[in-house]
Amino acid sequence: MTNGDDPLRAARLGKLTSLRARGLDPYPVNFPRSDEAAALESRYADLPAGGETGERVRVAGRVLAMRNSGMFIDLHDASGKIQVFNHKDYLDADGLAVLKLIDIGDVIGVEGRVRRTPRGELTINASALTVLAKSLRPLPEKYHGLADIELRYRQRYVDLIVNPESRTTLRRRSALIAALRRHLWARGYVEVETPMLHTIPGGASAKPFITHHNALDIDLYLRIAPELHLKRLLVGGLGDKLFEINRCFRNEGLSPRHNPEFTSLELYEAYVDYTAMMSLTEELIARAAEEVTGGLRIEYGGTVIDLTPPWPRRSMAELVAEATGIDFLALDAGTARAAANEFGAGLSAEAKWGHALEAAFAARVEDRLLQPIHVTGFPRDISPLAKADPHDPRLVERFETYIYGWEIANAFSELNDPQDQRARFAAQMQARAAGDEEAQPLDEDYVAALEFGLPPCGGLGIGIDRLTMLLTDSPSIRDVIAFPTLRPR
RNA sequence: GAGCCCGUAGCUCAGCCGGUAGAGCAUCUGACUUUUAAUCAGGAGGUCUCGGGUUCGAAUCCCGACGGGCUCACCA
């Protein structure tokens, strides 16, 4: 607890007062450093045990352990750890007095000479100690760290201080996103930003968050996808290759794989079709994996996954037929619905043929797709923004990439025929009228943009959070989001 | 939204066939001093998540609330 009666806090407040009484500012404005811990470690990699250097350095970081009554301090900065040796041979009386006022958790600056102890630990013989931020709350136990899952998410700052694996995971997320950006930039993609606040929530099938703009006195929706705006920019020719890495918001349940706000990469490339998106997906994910894990064979939850391209391309109907013996392409809507319901799909009478195929796929195939695979031949009924398959009007040129049974990527040859698009929206509006809350509403302005001419293009979306989970072997999406959505306490 | 499980000291955890709360780390006091989860001695720290109920007596059994985890549903 954090009230004034807390003796742990009281002890630290007492030390804070003592520091001030000595004329020291426990929260000074800066502390110029000569080095980070990791830099010293590499510079003196060859310094033998017992070796001394004459070099005076200045380092800063958080005290995470104190031994021998403060004689030894483990000082951690973002780069790593360095040991500090505090002894009256090097510290004057003032320094020793400050040492007494330092607690585990304090941020301190240290000046001193570098040596390696006889036991081989690179160490700074402190000649001066400066408190840079007095910590008023105790840190979790050093050996087990912070194990309470709820506290780790609610107080991520504490989690990051004491659990190195949390730092590693979120740093890998950063490296992953940087790798994606670098690769896309190298391929001539332009990064853009499109609105988070939408007047019409389109581009995906999902329930939106609703908010209100006071000056305009209108409701706005947090975007469920950036798709329609990105394609408007493609119409305008802002670039022939565009991408956005940003947040989407969906007002749906939480689970180990769902957070109400999540990050996606969406990109569009003119003059190519969805087959180009398959290769691009493989390249992007393979590069990201190499960047983050150092290789193409990863392990998730004990399952080895080989990300080496190329990945198989199989149609949804084909995979369903293989798993169930039923060829949905040979069934009409009613029979397909009945067949899917045999697998527990629970489809209503309004469900179309495409919904039935998708339900059968979800029930009997999806979970088994552990190794990377592009699933093609998506039904038109569930793909209102994708170009029709020229060989089968029930299907569209769309694929989803599955890894570990999860949808990681979703891509189409984008529908650019404004009349077809209007008809697709009409079908969606009908479904909406029939009670499908997630059917996509008609966006007149988007159709108008198409009427000006959207070049043929491929589009691709990749879920960054799930990809990060896979590449960091994280069991929950909350592990890869610094501040996941929680019920307020 | 439904089912199952969990909530004890700052942290990590015991205790749970009911008898009034314990350890380790952290903290405080002292000792020791080139340690690596330092060591040794001593001290302090808890309305056992909250509210009801059963009982002579509840951390323990029952009901409810709150918070969390997992599974399912929706979805990415």
Side-chain angles (χ1 to χ4, degrees), chain A residues 1-3 5-12 14-15 49-50 63-74 81 83-90 100 103-105 115-123 125 135-155 158-159 161-163 204-207 224-225 247-266 344-346 358-359 362 366 382 400-403 405-410 436-438 461-467 469 475-478 484 486-489:
Chain A
M1 302 298 99
T2 58
N3 58 46
D5 296 336
D6 178 354
L8 299 172
R9 184 182 171 81
R12 286 164 180 252
K15 291 174 184 173
V63 175
L64 285 189
M66 299 177 84
R67 291 179 292 279
N68 293 33
S69 310
M71 178 180 283
F72 294 93
I73 283 178
D74 284 347
K81 180 192 99 173
Q83 181 169 261
V84 178
F85 179 64
N86 300 300
H87 194 276
K88 59 181 182 330
D89 290 353
Y90 309 99
K100 280 203 167 69
D103 287 301
I104 289 173
R115 69 171 168 118
R116 194 176 290 283
T117 65
R119 302 206 184 186
E121 190 78 19
L122 197 67
T123 299
N125 287 343
S135 170
L136 301 180
R137 300 192 187 210
L139 286 176
E141 192 220 0
K142 60 188 168 189
Y143 188 56
H144 296 92
L146 186 61
D148 186 297
I149 288 180
E150 183 183 354
L151 274 184
R152 288 183 50 211
Y153 299 148
R154 285 194 192 278
Q155 297 193 295
V158 178
D159 176 43
I161 289 170
V162 299
N163 293 335
S205 303
K207 294 192 199 71
I224 56 175
R247 221 65 62 79
C248 294
F249 306 85
R250 297 190 183 173
N251 204 340
E252 281 155 7
L254 293 83
S255 87
R257 284 194 295 285
H258 298 87
N259 196 64
E261 53 179 312
F262 63 99
T263 300
S264 71
L265 160 65
E266 273 210 18
E358 184 200 31
E366 212 174 75
I382 59 167
E400 286 187 352
T401 304
Y402 284 81
I403 303 177
W406 303 345
E407 182 196 333
I408 292 294
N410 179 22
D436 182 354
E437 279 182 75
E438 295 187 350
I462 294 179
I464 298 299
D465 309 280
R466 288 185 180 179
L467 185 56
M469 287 172 69
S476 170
I477 197 168
R478 295 176 163 200
L486 297 173
R487 194 186 296 274
R489 199 134 67 161

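A, B, ... follow the sequence lines: proteins, then strands. Residue 1 opens every chain.
For A:Phe262 and B:A76, the ring-to-base geometry satisfies the stacking test (centroid distance below 5.5 Å, interplanar angle below 30°).
Residue-level contact check: A:Arg487 touches the backbone only, with heavy atoms under 4.0 Å from sugar-phosphate atoms and none from bases. Among the atoms of the strands shown, only primed sugar atoms or phosphate atoms (P, OP1, OP2) are found under 4.0 Å from some heavy atom of A:Glu150. A:Ala147 comes within contact range of the sugar-phosphate backbone alone, with a heavy-atom separation under 4.0 Å but no base atom that close. Residue A:Arg12 is out of contact with every strand shown, counting any heavy-atom pair closer than 4.0 Å. As judged by a 4.0 angstrom heavy-atom cut-off over every strand, A:Gly346 is placed among residues making no nucleic acid contact. Residue contacts shown for A:Leu151 are limited to sugar-phosphate atoms, with no base heavy atom under 4.0 Å away. Contact annotation for A:Asn259: base contact, defined as any heavy-atom pair under 4.0 Å involving a base atom. Residue A:Arg154 is in sugar-phosphate contact alone, with no base atom involved, counting any heavy-atom pair closer than 4.0 Å across all strands shown. Heavy atoms of A:Glu438 sit under 4.0 angstrom from primed sugar atoms or phosphate atoms, though from no base atom.
Base pairing annotation: B:C66 forms a Watson-Crick or G-U wobble pair with B:G7, both donor-acceptor distances under 3.5 Å. Under the Watson-Crick or G-U wobble criterion, with both distances below 3.5 Å, B:U71 is paired with B:A2. Under the Watson-Crick or G-U wobble criterion, with both distances below 3.5 Å, B:A23 is paired with B:U12. Taking a pair to require two hydrogen-bonding distances under 3.5 Å in either a Watson-Crick or a G-U wobble arrangement, B:C40 pairs with B:G30.
A:Asn259 and A:Arg478 share no donor-acceptor pair across their side chains, judged by distance under 3.5 Å alone. Judged purely by distance below 3.5 Å, without hydrogens or angles, the side chains of A:Thr123 and A:Gln83 pair a donor atom with an acceptor atom.
Using atom C1' as the reference point in both B:G46 and B:A59, the two lie 11 Å apart (nearest Å). For the P atom pair drawn from B:U8 and B:A44, the interatomic distance equals 24 Å after rounding to whole Å.
Whole-Å rounding puts the A:Asp89 CG to B:U34 P distance at 11 Å. Between A:Arg67 atom CZ and B:A37 atom C1' the separation is 9 Å, expressed in whole Å. Here B:U36 presents its P atom at 18 Å from CG of A:Leu64, a figure rounded to the nearest Å.
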I'd like a table of atom pairs between the protein and nucleotides 39-44 of chain B - only N or O on both sides, under 3.5 Å - with the distance next to each one.
none

Identify the pairs formed between an N or O of the protein and an N or O of nucleotides 28-30 of chain B at a distance under 3.5 Å, and give each distance.
from	atom 1	to	atom 2	distance (Å)
B:C28	OP1	A:Lys15	NZ	2.6

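For the atom pair CG of A:Leu64 and NZ of A:Lys81, the computed distance is 10.0 Å after rounding to the nearest 0.5 Å.
Listed pair A:Lys142 / B:C11 fails the phosphate criterion, with no side-chain N or O lying under 4.0 Å from OP1 or OP2. Between A:Arg478 and B:G68 there is no side-chain polar atom (N or O) within less than 4.0 angstrom of OP1 or OP2.
For the pair A:Arg115 and A:Phe85, the cation sits on the ring face: its NZ or CZ lies under 6.0 Å from the ring centre, inside 45° of the axis.
For A:Asn68 (side chain) and A:Met71 (main-chain N/O), no donor-acceptor pair under 3.5 Å exists by modelled atom type.
Both A:Gly253 and A:Glu121 sit near RNA chain B, but only A:Glu121 has its closest nucleotide nearer the 5' end.
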